[in-house]
Chemist: 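Structure provided below as structure tokens; questions to follow.
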Amino acid sequence: MQFNNILVDSQQPIALVTINRPNKLNALNRDTIQELNEAFTLLETDKKVKVIILTGSGDKAFVAGADISEFADFSVEEGGKLAAKGQELLFDFVENLATPVVAAVNGFALGGGLELAMACHFRVASHNARMGLPEVSLGVIPGYGGTQRLPQLIGKGRAMELIMTAGMIDVDRALNYGLVNHVVSQEELIGFCKKLAGKISNNSTVAISHAIKAVNAGFKNTSNGYAAEIEAFGACFGTADFKEGTTAFLEKRKADFPGA
Ligand code: COA
């Protein structure tokens, strides 16, 4: 499989997918999301691939978020569409994939990066990883499922604090919160994930795909939090705070929010 923004190394029964934009800390632009959708679609149909490991290239970042330069001038409607499309193509798609997906979090997992790691079926991190949802520091909210999956994984109060402070947590806290299952050295990360994947691949893939469905079904509420997130995310694009937050990031200065 040949892509421009990701690498796919399929050594059955394990496939390693690497997001490969190290100069942008693997930020998720439109093309990367599309390519990940295509790669996951192909890997899911390959019955010889029993586990997928997802990681970021380089030693600094898993994914440092959605690509801010792509959406800084979006309107309310475009903002809503960005979240809806991303959730459909990648985040919901990965969560509901029949093939297990393990996130190997090798560095910063921020914003869309943490949201992507949380959409995976579980997470292993290296010691240098840092995780957070910094969106409110940009005048926007998490739009790729973060307002839903973070409280599911770590509890409502911890999620509220992390979202409101826009802060980053280290791996000790992430492990303590249950956000990641294991912490290993960066050198060991992929090998450790491959060992786990090896154990998974000895089991029934059919039964595992049913287990994924059953576990996910327990988190589907009657009121759709994901839809509420998309609407609220879009609304942020009509605020002066959003314009200031994203402009300040791109101009490499601290935001001074007008509060409107
Ligand atoms: N979108 C677009 N570009 C991004 C990015 C993102 N989410 N995250 C990092 N980059 C780019 C930087 O603009 C920079 O590009 P440049 O070299 O062309 O100027 C490059 O990646 C390296 O990042 P830099 O900020 O110089 O690295 P750092 O080590 O000083 O800081 C972070 C690392 C992760 C703390 C910082 O990059 C950051 O805060 N990123 C944004 C995180 C975020 O808010 N994500 C949520 C988006 S909704």
Side-chain angles (χ1 to χ4, degrees), residues 4-6 18-36 55-74 76 78-87 89-91 103 105-119 125-150 159 162-171 174 179 186 226 229-230 232-239 241-257:
N4 296 322
N5 299 285
I6 63 173
T18 306
I19 299 164
N20 191 28
R21 299 183 74 214
N23 295 339
K24 293 290 171 191
L25 302 186
N26 303 320
L28 292 175
N29 61 359
R30 202 178 303 117
D31 290 349
T32 307
I33 290 178
Q34 184 63 42
E35 289 182 12
L36 284 167
T55 195
S57 71
D59 56 10
K60 196 167 168 187
F62 174 70
V63 170
D67 192 320
I68 298 165
S69 65
E70 267 192 359
F71 63 69
D73 61 353
F74 273 14
V76 168
E78 288 169 321
K81 274 193 191 149
L82 177 75
K85 191 95 188 135
Q87 290 193 17
L89 282 179
L90 186 58
F91 298 81
V105 183
N106 59 309
F108 287 116
L110 302 174
L114 179 55
E115 291 174 299
L116 182 56
M118 293 193 294
S126 54
H127 289 124
N128 61 313
R130 297 282 177 281
M131 281 156 258
L133 293 177
E135 283 86 349
V136 299
S137 72
L138 295 163
V140 68
I141 65 166
Y144 288 145
T147 66
Q148 306 303 299
R149 292 191 184 98
L150 189 61
L162 208 52
I163 290 169
M164 287 175 188
T165 59
M168 284 185 216
I169 57 171
D170 63 16
V171 285
L179 188 54
Q186 197 160 41
Y226 293 96
E229 182 186 273
I230 288 168
F233 181 82
C236 292
F237 285 69
T239 67
D241 274 11
F242 172 73
K243 299 283 174 258
E244 167 60 10
T246 49
T247 306
F249 176 82
L250 295 172
E251 291 176 357
K252 300 185 188 295
R253 61 174 172 82
K254 198 171 177 309
D256 181 13
F257 291 112

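Keep in mind the model is a prediction, meaning the values are calculated, not measured. Remember, it's 1-based here, ligands and their atoms both numbered in the order they're listed.
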Chemist: Is it true that Arg253 and Glu244 have a side-chain N and a carboxylate O under 4.0 angstrom from each other?
Modeler: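 Salt bridge: yes.
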Chemist: Does atom 26 (O) of ligand 1 have any protein heavy atom closer than 4.0 Å?
Modeler: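 So far as the 4.0 Å threshold goes, atom 26 (O) of ligand 1 is out of reach of every protein heavy atom.
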Chemist: Please find the pair of heavy atoms, one from Ile141 and one from Ala232, that lie closest to each other, and give the distance.
Modeler: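 That closest heavy-atom pairing would be CD1-CB, 3.6 Å.
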Chemist: Mark up the atoms of ligand 1 that fall under 4.0 Å of a heavy atom belonging to Phe108, in ascending order.
Modeler: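 Numbered from 1, ligand 1 contributes 33 (C), 34 (C).
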Chemist: Keeping Glu115 on the side-chain end and Phe91 on the backbone end, is there a donor-acceptor pair under 3.5 Å?
Modeler: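 Not at all, since once roles are kept as given, no pair shorter than 3.5 Å links the two residues.
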Chemist: Main chain of Ala61, side chain of Asn106: is a donor-acceptor contact present, judged purely on distance under 3.5 Å?
Modeler: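 Such a contact is found between Asn106 side chain and Ala61 backbone.
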Chemist: Any heavy atom of Ala66 closer to ligand 1 than 4.0 angstrom?
Modeler: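 The answer is yes, since Ala66 has a heavy atom less than 4.0 Å from ligand 1.
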Chemist: Measure the distance from atom 1 (N) of ligand 1 to every protein heavy atom, then report the residue, atom name and distance (to 0.1 Å) of the closest one.
Modeler: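 Result: Ile68 N, 3.0 Å.
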Chemist: Could you measure the distance from the CD atom of Gln186 to the CG atom of Asp59? Nearest 0.5 Å is fine.
Modeler: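 Taking CD in Gln186 and CG in Asp59, the distance rounds to 5.0 Å.
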Chemist: Where is the tightest heavy-atom contact between Ala27 and Thr32, given as atom of each residue plus distance?
Modeler: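 Looks like O-OG1, 4.4 Å.
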Chemist: Identify, by atom number and element, the atoms of ligand 1 in contact range of Leu110, meaning under 4.0 Å from any of its heavy atoms.
Modeler: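 Per the distance check, 34 (C), 42 (C).
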Chemist: Given Leu25, Asn26, Val140, which one has a non-hydrogen atom that is nearest to atom 22 (C) of ligand 1?
Modeler: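 Residue with the shortest heavy-atom distance to the ligand atom: Leu25.
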Chemist: Does the protein come close to atom 12 (C) of ligand 1 - that is, does one of its heavy atoms sit below 4.0 Å from that atom?
Modeler: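 So atom 12 (C) of ligand 1 lacks protein heavy-atom neighbours under 4.0 Å.
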Chemist: Below the 3.5 angstrom mark, is there an N/O of Gly112, backbone or side chain, next to an N/O of ligand 1?
Modeler: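 No, no N or O pair falls under 3.5 Å.
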Chemist: Mark the output for Lys60 as yes if a heavy-atom distance to ligand 1 is under 4.0 Å, and as no if none is.
Modeler: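 Contact present.
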Chemist: Are the side chains of Met164 and Val136 in contact, using a 4.5 Å heavy-atom criterion?
Modeler: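 Of all side-chain heavy-atom pairs linking Met164 with Val136, none is under 4.5 Å.
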Chemist: Below 30° counts as parallel, above 60° as perpendicular, anything between as tilted: where do the rings of Phe74 and Phe237 land?
Modeler: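 The rings of Phe74 and Phe237 sit tilted, inter-plane angle from 30° to 60°.
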Chemist: For ligand 1, which atoms sit closer than 4.0 Å to a heavy atom of Phe249?
Modeler: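 Atoms satisfying the 4.0 Å criterion: 38 (C), 39 (O), 40 (N), 41 (C).
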Chemist: Is atom 36 (C) of ligand 1 close to the protein, meaning a heavy atom under 4.0 Å from it?
Modeler: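 It does not: no protein heavy atom is found less than 4.0 Å away from atom 36 (C) of ligand 1.
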Chemist: Run the side-chain hydrogen bond (donor to acceptor under 3.5 Å, both in side chains) test on Asn5 and Glu35 for me, step by step, so that the C-alpha distance in whole Å, both residues' side-chain angles and the decisive distance to 0.1 Å come before the verdict.
Modeler: CA-CA 7 Å; Asn5 299 285; Glu35 289 182 12; 3.2 Å; yes
Chemist: Classify the contact between Asn23 and ligand 1 as side chain, backbone, both or neither, using a heavy-atom distance cut-off of under 4.0 Å.
Modeler: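 For Asn23, the contact with ligand 1 is made by the backbone alone.
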Chemist: Could you check which of Lys252, Glu70, Met168 puts a non-hydrogen atom nearest to atom 19 (O) of ligand 1?
Modeler: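 Nearest option to atom 19 (O) of ligand 1, by heavy atoms: Lys252.
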Chemist: Which atom pair, heavy atoms only, marks the closest approach of Thr18 to Ser57?
Modeler: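 Here Thr18 and Ser57 meet closest at CG2-N, 3.6 Å.
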Chemist: Return the residue, atom name and 0.1 Å-rounded distance of the protein heavy atom closest to atom 10 (N) of ligand 1.
Modeler: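 Its nearest protein heavy-atom neighbour is Lys24 O, 3.9 Å.
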Chemist: Indicate, as side chain, backbone, both or neither, the part of Pro134 found under 4.0 angstrom from ligand 1 when only non-hydrogen atoms are considered.
Modeler: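 It is the side chain that gets close, since no backbone atom is under 4.0 Å.
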Chemist: The test is side-chain hydrogen bond (donor to acceptor under 3.5 Å, both in side chains); show your working for Asn128 and Ser126 and say whether it passes.
Modeler: CA-CA 6 Å; Asn128 61 313; Ser126 54; 2.6 Å; yes
Chemist: Find all atoms of ligand 1 within a distance of less than 4.0 Å from any non-hydrogen atom belonging to Leu138, and give their numbers and elements.
Modeler: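 Those of ligand 1 that fall under 4.0 Å from Leu138 are 44 (O), 47 (C), 48 (S).
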Chemist: Tell me: protein heavy atom nearest atom 2 (C) of ligand 1, and distance?
Modeler: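 Residue, atom and distance for the closest contact: Asp67 OD1, 3.3 Å.
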Chemist: Is atom 31 (O) of ligand 1 in close reach of the protein, with a heavy atom under 4.0 Å away?
Modeler: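 There is no protein heavy atom less than 4.0 Å from atom 31 (O) of ligand 1.
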Chemist: Between Ile19 and Asn26, which heavy-atom pair has the shortest distance, and what is it?
Modeler: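 Closest approach of Ile19 to Asn26, heavy atoms only: O-OD1, 3.1 Å.
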Chemist: Which of the numbered atoms in ligand 1 are under 4.0 angstrom from any heavy atom belonging to Ala64?
Modeler: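 Near Ala64, the atoms of ligand 1 are 7 (N), 8 (N), 41 (C), 42 (C), 43 (C), 45 (N).
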